[in-house]
Student: 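Okay, handing you the structure first.
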Amino acid sequence: MTTPVANAATPVGAAEVQEIAGDDDVVRVRQLVRAKAVAATKLSLVDQTKLVTAASELARNTLLHGGGGRAEVQIVTNGRRKGVRIVFVDSGPGIVDLDLAFTDGYTTKGGLGLGLSGARRLMDEFEVQTAAGEGTTIAAVKWER
Ligand SMILES: Nc1ncnc2c1ncn2[C@@H]1O[C@H](COP(=O)(O)OP(=O)(O)O)[C@@H](O)[C@H]1O
Ligand SMILES: [Mg+2]
């Protein structure tokens, strides 16, 4: 089961799912995202790096703040261009104050507090669904230029 996301992107082929339960899984997410981008899109090297960096930060948050979960990686199209959609799902505590969470430097775990805000800047589309006690789902897309 993959997570439906409200944007104009149409899936191309199947989504790949990577469980996130440990540090090794964060590395696997990075590898999966890069491999799919290279195989199925014309994302530039710079855009691949932005995508993989965002995926890495979001996977780390899923692990650290969400208590683990999963990543879904899906090639999408808007009819003209292709892109890579990454979705992160956890059943953790949720993000209580989203504005605060997106503030550069805000962290509840002694991190740098730049992951969420940075990931949003690196991606073209970025959506968060979360509520206190109800987990967090973040979906983001990087499009070909
Ligand atoms: N999946 C998540 N579940 C719950 N809280 C989260 C999640 N992702 C981010 N947060 C909250 O947003 C804050 C900011 O995230 P981020 O910018 O990545 O900073 P850092 O991970 O360095 O703390 C986190 O400290 C945490 O409180
Ligand atoms: Mg983080």
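Residue numbers count from 1 along this sequence. Each ligand, and each atom within it, is numbered from 1 in the order the structure gives.
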Student: Pick whichever of Ile95, Thr103, Val128 has a heavy atom sitting closest to atom 5 (N) of ligand 1.
Tutor: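 Closest candidate by heavy-atom distance is Ile95.
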
Student: Would you name the heavy atoms of Gln48 and Arg34 that are closest together and state the gap between them?
Tutor: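 That would be OE1-NH1, 3.3 Å.
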
Student: Would you check the N or O atoms of Pro93, main chain and side chain alike, for any that come under 3.5 Å of an N or O of ligand 1?
Tutor: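 No - when backbone and side-chain N and O of Pro93 are compared with those of ligand 1, no distance drops under 3.5 Å.
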
Student: Would Asp90 count as a polar contact of ligand 1, with the cut-off being nitrogen or oxygen pairs under 3.5 Å?
Tutor: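 Among all N and O atoms of Asp90, at least one is under 3.5 Å from an N or O of ligand 1.
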
Student: Only heavy atoms of Leu112, strictly under 4.0 Å: list the atoms of ligand 1 that pass.
Tutor: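 Those qualifying, in numeric order: 22 (O).
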
Student: Do we get Arg120 above Phe102's six-membered ring, with its NZ or CZ under 6.0 Å from the centre and within 45° of the axis?
Tutor: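 The answer is yes; both the distance and angle limits are met.
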
Student: Quick test: of every protein heavy atom, which one is nearest to atom 19 (O) of ligand 1, and how far off is it to 0.1 Å?
Tutor: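 Minimum-distance protein heavy atom for atom 19 (O) of ligand 1 reads Gly113 CA, 3.1 Å.
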
Student: For atom 14 (C) of ligand 1, grab the closest protein heavy atom and report residue, atom and distance to one decimal in Å.
Tutor: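 Protein heavy atom at minimum distance: Tyr106 O, 3.4 Å.
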
Student: Could you find the nearest protein heavy atom to atom 12 (O) of ligand 1 and give me its residue, atom name and distance?
Tutor: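 Result for atom 12 (O) of ligand 1: Ala101 CB, 3.5 Å.
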
Student: If we only count N/O pairs under 3.5 Å, is Gly115 in contact with ligand 1?
Tutor: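 Between Gly115 and ligand 1, an N or O pair is found under 3.5 Å apart.
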
Student: Check whether any N or O atom of Asn61, backbone or side chain, sits under 3.5 Å from an N or O atom of ligand 1, and answer yes or no.
Tutor: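 Between Asn61 and ligand 1 (N or O atoms, distance only) the closest approach is under 3.5 Å.
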
Student: If you count the atoms of ligand 1 from 1 in the order shown, which ones are under 4.0 Å from a heavy atom of Gly94?
Tutor: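 Counting atoms of ligand 1 from 1, those under 4.0 Å from Gly94 are 4 (C), 5 (N).
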
Student: How far is atom 25 (O) of ligand 1 from the closest protein heavy atom, and which atom is that?
Tutor: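 Going atom by atom, the protein heavy atom closest to atom 25 (O) of ligand 1 ends up being Thr108 N, 2.8 Å.
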
Student: Assess whether a salt bridge exists between Arg145 and Asp124, defined as any Lys/Arg side-chain N lying under 4.0 Å from an Asp/Glu carboxylate O.
Tutor: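 Looking at Asp124 together with Arg145, the answer is yes, because their closest N to O distance falls below 4.0 Å.
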
Student: I need the nearest protein heavy-atom contact for atom 7 (C) of ligand 1: residue, atom name and distance, please.
Tutor: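 Here the closest protein heavy atom is His65 CB, 3.5 Å.
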
Student: Under the side-chain hydrogen bond (donor to acceptor under 3.5 Å, both in side chains) rule, what pairs show up with a residue in residues 89-100, not counting sequence neighbours?
Tutor: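 side-chain hydrogen bond (donor to acceptor under 3.5 Å, both in side chains) check on residues 89-100 returns no pairs.
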
Student: Should Thr107 be counted as touching ligand 1, given the test is an N or O pair under 3.5 Å?
Tutor: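 Yes; at least one N/O pair falls below 3.5 Å.
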
Student: Please work out, at 4.0 Å between heavy atoms, whether the side chain, the backbone, both, or neither of Thr136 comes within that distance of ligand 1.
Tutor: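 Within the 4.0 Å criterion, Thr136 contacts ligand 1 through side-chain atoms alone.
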
Student: Output, in order, the C-alpha distance, side-chain angles, deciding distance and verdict of side-chain contact (heavy atoms from CB on, under 4.5 Å) for Val76 and Val84.
Tutor: CA-CA 6 Å; Val76 293; Val84 182; over 6 Å; no

Student: Look only at interatomic distance and state if Gly111 has a nitrogen or oxygen under 3.5 Å from any nitrogen or oxygen of ligand 1.
Tutor: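 Such a contact does not occur with ligand 1.
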
Student: Considering only heavy atoms of Leu116, which atoms of ligand 1 have at least one such atom less than 4.0 Å away?
Tutor: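 Contacts of ligand 1 toward Leu116, numbered from 1: 16 (P), 17 (O), 18 (O).
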
Student: What about Thr62: any of its N or O atoms under 3.5 Å from an N or O on ligand 1?
Tutor: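 N/O-N/O distance below 3.5 Å does not exist for this pair.
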
